[in-house]
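What follows is a set of notes on a single structure, which appears directly below.
Only this structure's heavy atoms are used, side chains among them; waters, hydrogens and symmetry mates stay out. Treat the numbers as computed from the prediction; the structure is a model and nothing was measured. Just so it is clear: chains get the letters A, B, ... in the order the sequence lines come, proteins before strands, and each one is counted from 1.
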Amino acid sequence: MGDFMQWDEDVCIVSGDNRDWQDGDEPRTVIELWCRSRAGHSTLLLVNGLSPYVEISDPSTDESSSGSNLSLGRVAETNGVRGEPEPSGMKLSTMDGRVRPHYRVHVRGTTKVRGVRKALSEFGWTVTSADILFVQRLLLDLDLGPHIRASGEVLWAGERAPDEAKTPENTDVGIAEERILSAGGSGVYPLDMVVSCDISGLSRTEPFPAPFVTMSFDLETSIENNTILCAAAVVDRAGERREYPIVGAETEILEKLTEVVRSEDPDFITGYNIDNFDLPRMEERSEYIDTESEMDRATLLGWGRVPINQAETKRGWRRPGRIFPNREQNRVWTIKGRIPLDAWWQARQTLRPQRESLRYVSQLLWPDDEEMQKMDIDASKMDEEWADRPDEVLEYCVRDTVLPLDILEKMKSIPRKEALASVSLTTVDVAATSTTSRWIDSLVIRLADRSGVAVPNTNQGPRKQDKIAGGYVHEVNPGVEPWVVVLDFKSMYPSIMISNNICSTTLVRDGSEDDSHSTSPVTNTRYASREERLGLVPQLLQGLMDSRDRHKAALAKANEEGDEAEAFLQDQLQYAVKILMNSFYGVFASNFYRFTHPSLGASITEWARHNIKEIISKVEDDGDDVVYSDTDSIFVIAPVGAAPMNKPSGGEELERWEDARRATLEFGESLAERFTREGAELEFETALSSFFSHGAKKRYVGRVVWPREEMLIRGYEVRRTDTFQLLSDTMTQMFEMILDGNETGAVDMTKSVIDRVRARDVETSQLVISRSCKGKWNSKKEEWDFSVYKNEDGLPYVRAAKQRIEAGLQFTPGMKVGYIISEPEEGQKKQKKLAVKAWLVDEIGGDPPEYDTEYYAGRLAKSLGRVTEAFGWDEKNLLKGNRQSNLFDF
DNA sequence: AGATTCGCCTAG
DNA sequence: TAAGCTAGGCGAATCT
């Protein structure tokens, strides 16, 4: 037996899984951690030493009980239980607010947990901590985050492994495989290294930017028969890109693509719309191609980061082999050990583009780069294109794999996920593809385990329950108001949770009343004082607030020292903390979360409404006017006397303007100071030289003069992705003029735009409207199903989606569908519905459809008329088309 | 013509 | 099933 190579290094955990195995007679569970090292190679860690467990308590016991009334012996004899239950001390149950003795019950493998949980519940035990993934359990129990130091023995060292890690044994596939199997692994994993370690070999490290490897891919497929015509992949390894154009028979294409995945070993897999197009298509084609066995199919689609062997390819009970990409119940795709990250979805979430085609998004990001937006292949006629000019199609395919990498890079998607993983202490895949409740679980359960609080299971079943009341929104009057200050509460909901100690562990449930309690203003919901018991959530939120301050300080320091990399890292971290803090309220106001109670969310908003209303009435008592308020903000007119709203270019007028600005700032600061108290910091956010609303809540505009000069627009069409560009641009221009006091000019400008529309003097692309459209694939009928809608053909965007599909273009549930309202054709004139024409120019070029001039003139007049009506010009007036708005128009 | 319903999108 | 929340505006179709 040769020597084992001892090894330790810093890695970032991409993803994890667990594997039950037999160590002789002993059932064991090993945790597999797929990691990227700080130095750049990939490492699979096989971690042994932790066994799955659940916790139990006897509901008939309480704080004074020395044992349980139910039989612990019977627990030990239950099928799947390992050994005797161990007392784990007195714990608080957040289900009933009682403290009672708890026991830890070890289970013989993760697959037995479900059965043990069921059996013990039937005996009358309350079972807790029973729905936590075993990988998550490792991070919780060892208090790890994604960035760890790992030390163990190198079982396998592949080509890209550091030379100093290599020995004759660990570079020999046969020997390595044997050693991996006896450490609980499944074979030689397709990573640079496989390292075996014990839980004692893992410890948390400071976050560092891991040099992840990303692969982007794209398929071109036949519209006639769905076959794959060609494919491309590009791999980004520390900024170095390698392109793989792939042609050949369909089987060959799939094999080559799979070979790229297995040899390049990427952590992230991206592409444009891979979730809904490329991955499902590959699954379908690989199943269609007649293979002898799942082992054979693995050569076509074995993208999972596991060895290709019988165990990994075999379909288990309700579970396909780990070797294949898999989509559970039509939801997100999982690829074991890797992270599928669809560039389409990321772009949509981050950029909120008006349209979502790859072409449109590229143009948005790189308006000057023609090469990136070039579209010389008609995707709706792919079969002909492929027959006529395969080289160009392949080139087009390669370009469409490069763009998603550039898009992710531009949006900093991957560093953001890594930062979120770091602050929420989860693996990177959980941060990237999971949901807010999982991030919060990671922090809350960790603290609960250390604080003697039992961890209940996630609430199952359909949601019923009444909605809780939300924030307060103040009425707003139509018109312009000069010189307004905007103040808002800093992190309002988190602050309320902290200062009132709101948590399921502190909620007073027994009706007791004590002066020390924190009592909500209207419903008198009570929470224990911090001194009596500091809530888990307030404790976590305070920690997050402090850590955000630390990251911000580190960011400032790094900027000062010119350390760009460090500044970037700290900025990502502080931003991730902000996101995470703001997620708490939503999760705790939901009704499925394990640590929630209907009172929690309701008390938070109750305090919020109380606080803001109290300030409004105090400000008004002082004689100042509150013009608007939404949830945590308040807009107050600054008493500055008569001063010009728009900045004069010089002279005495400019001085008066500057005096007004100075007085406004002083007023804002004085309000902030006056109303800030412990745990409720009211910040002076912005000063406006003018504020306008047409009188609807959540829709307003302001000219900001402090802390920077800009226009602030909220709610209006300008902000929305479902209006057309011309409306958005015209409205922006109109607001500029209104805020300068030039109301007549605004009306004239608007009228002239309406005239131009009527004269067909605008580009049709300025008139595209787009909205998200749902839909389900009906695999029996082989068609898209829009029956989620009560009246599918009554919705313009659904009609447009159907036209898209008809034209042979892709449709993805949830995608934004663009369309134009056109003149109704002769036969349709009687119809009351709008004549919709799908906008396909972005994808297949060609002539745009003719637009309906009266419809667009009407839409402009309606939206802009709502605004101008505030000073006497209504929709009808705008439509009159009389450009000179002088006195005679009235 | 006004009211009602559905559905999307935004503010916070 | 898996799942952050509520308040609010408005367009289009449809009903009265």
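Note on the helix from dA1(B)-dT16(C) to dG12(B)-dC5(C): angle between the axes of the first and last five pairs equals 20°, rounded to 10 degrees.
Residues from residues 129-137 of chain A lying near DNA chain C, meaning a heavy-atom separation below 4.0 Å, are absent. Shown for residues 849-865 of chain A: no residue has heavy atoms falling under 4.0 angstrom of DNA chain B. Within a heavy-atom distance below 4.0 Å of DNA chain C, the residues of residues 436-448 of chain A found are T436(A), S437(A).
One side chain, E606(A) or T523(A), offers a donor N or O that lies under 3.5 Å from an acceptor on the other. Side chain to side chain, D488(A) and S633(A) fail the donor-acceptor criterion of an N or O pair below 3.5 Å. Side-chain contact, Y593(A) with D441(A): a donor N or O sits under 3.5 Å from an acceptor N or O. There is a side-chain donor-acceptor pair under 3.5 Å between N273(A) and T812(A). Side-chain contact, K490(A) with S495(A): no donor N or O sits under 3.5 Å from an acceptor N or O. Side-chain polar atoms of Y716(A) and H694(A) form a donor-acceptor pair below 3.5 angstrom. Side-chain contact of S728(A) with E717(A): a donor-acceptor pair under 3.5 Å is absent, judged by distance alone.
What separates CG of L834(A) from P of dG11(C) is a distance of 12 Å, to the nearest Å. The interatomic distance linking L541(A) (CG) with dG4(C) (C1') rounds to 14 Å, in whole Å. Rounded to an integer number of Å, the gap from CD1 of I604(A) to C1' of dT6(C) is 13 Å. Rounded to an integer number of Å, the gap from F595(A) CZ to dG4(C) C1' is 16 Å. Taking atom OH of residue Y593(A) and atom C1' of nucleotide dA3(C), one finds them 13 Å apart after rounding to whole Å. Atom CZ in R771(A) sits about 9 Å away from atom C1' in dA12(C), given to the nearest Å. Look at CZ on R799(A): it is 10 Å from P on dA12(C), rounded to the nearest Å. Following rounding to the nearest Å, I579(A) (CD1) and dG4(C) (C1') show an atom-to-atom distance of 13 Å.
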Could you go through the side-chain hydrogen bond (donor to acceptor under 3.5 Å, both in side chains) check for S822(A) and D852(A) one step at a time? CA-CA 4 Å; S822(A) 67; D852(A) 181 338; over 6 Å; no

Test salt bridge (charged side-chain N to carboxylate O under 4.0 Å, His left out) applied to K837(A) and E850(A), step by step: CA-CA 9 Å; K837(A) 290 254 163 70; E850(A) 284 262 289; over 6 Å; no

Assess the residue pair D842(A) and R355(A) against the criterion (salt bridge (charged side-chain N to carboxylate O under 4.0 Å, His left out)); give the C-alpha distance rounded to whole Å, side-chain angles, the decisive distance to 0.1 Å, and a yes or no. CA-CA 9 Å; D842(A) 290 344; R355(A) 308 207 281 281; 2.8 Å; yes

Kindly determine whether Y819(A) and Y797(A) satisfy ring-ring contact (aromatic ring centres under 6.0 Å, His included), including the steps that lead there. CA-CA 7 Å; Y819(A) 58 92; Y797(A) 47 94; 7.3 Å; no

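Of the two residues contacting DNA chain C, namely V587(A) and G471(A), the nearest-nucleotide position lying further toward the 5' end is that of V587(A). Positionally, the nearest nucleotide of DNA chain B for R720(A) lies more toward the 5' end than for the other of Y585(A) and R720(A). For the pair V473(A) and S583(A), nearest-nucleotide mapping onto DNA chain C gives the more 5' position to S583(A).
The aromatic rings of Y527(A) and W607(A) sit tilted relative to each other, their planes meeting at an angle between 30° and 60°. By the 30° and 60° cut-offs, the orientation of the rings of F692(A) relative to F735(A) is tilted.
Scanning DNA chain B 5' to 3' for nucleotides with an atom closer than 4.0 angstrom to a non-hydrogen atom of chain A gives a first and last hit of dC6(B) to dG12(B).
Across all strands shown, K790(A) has heavy atoms under 4.0 Å from sugar-phosphate atoms exclusively, and none from any base. Residue contacts for Y789(A): at a heavy-atom cut-off of 4.0 Å it reaches the sugar-phosphate backbone alone, with no base atom in range. Using a 4.0 Å heavy-atom distance criterion, G470(A) is classed as a sugar-phosphate-only contact. Counting non-hydrogen atoms under 4.0 angstrom, T605(A) reaches nothing in the nucleic acid. Across all strands shown, R352(A) has heavy atoms under 4.0 Å from sugar-phosphate atoms exclusively, and none from any base. Contacts of F588(A) with the nucleic acid, taken as non-hydrogen atoms under 4.0 Å apart, are absent. Y700(A) comes within 4.0 angstrom of sugar-phosphate atoms only, judged by non-hydrogen atoms across all strands, and of no base.
Applying side-chain contact (heavy atoms from CB on, under 4.5 Å) to R594(A) and the options I445(A), T94(A), V444(A) leaves one that passes, I445(A).
At the phosphate of dG9(C), neither OP1 nor OP2 sits under 4.0 Å from any side-chain N or O atom of R866(A). Regarding contacts with the backbone of dG8(C), a side-chain N or O of K697(A) is found under 4.0 angstrom from either OP1 or OP2. For the OP1/OP2 pair of dA3(C) and a distance below 4.0 Å, the side-chain nitrogens and oxygens of T458(A) include no atom meeting the criterion. The side chain of H694(A) contributes an N or O atom lying less than 4.0 Å from OP1 or OP2 of dC10(C).
Taking the centre of each ring, Y700(A) and Y628(A) come in below the 6.0 Å mark.
Here, dG4(C) and dG12(B) have their P atoms 23 Å apart, quoted to the whole Å.
Although no hydrogens or angles enter the test, the distance criterion places a donor-acceptor pair under 3.5 Å between the side chain of R446(A) and the main chain of S442(A). Between the side chain of T868(A) and the main chain of W873(A), a donor-acceptor pair closer than 3.5 Å is present. Side chain of T730(A) to main chain of L726(A): a donor-acceptor pair is present (N/O by atom type, distance under 3.5 Å, no hydrogens or angles). With hydrogens and angles disregarded, a donor-acceptor distance shorter than 3.5 Å links the side chain of S520(A) to the backbone of T525(A). Although no hydrogens or angles enter the test, the distance criterion places a donor-acceptor pair under 3.5 Å between the side chain of R327(A) and the main chain of D275(A).
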Protein-nucleotides 14-16 of chain C N/O pairs under 3.5 Å:
from	atom 1	to	atom 2	distance (Å)
dT14(C)	OP1	N791(A)	ND2	2.9

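Between G775(A) and F811(A), the shortest heavy-atom distance links the atoms CA-CE2, 4.4 Å.
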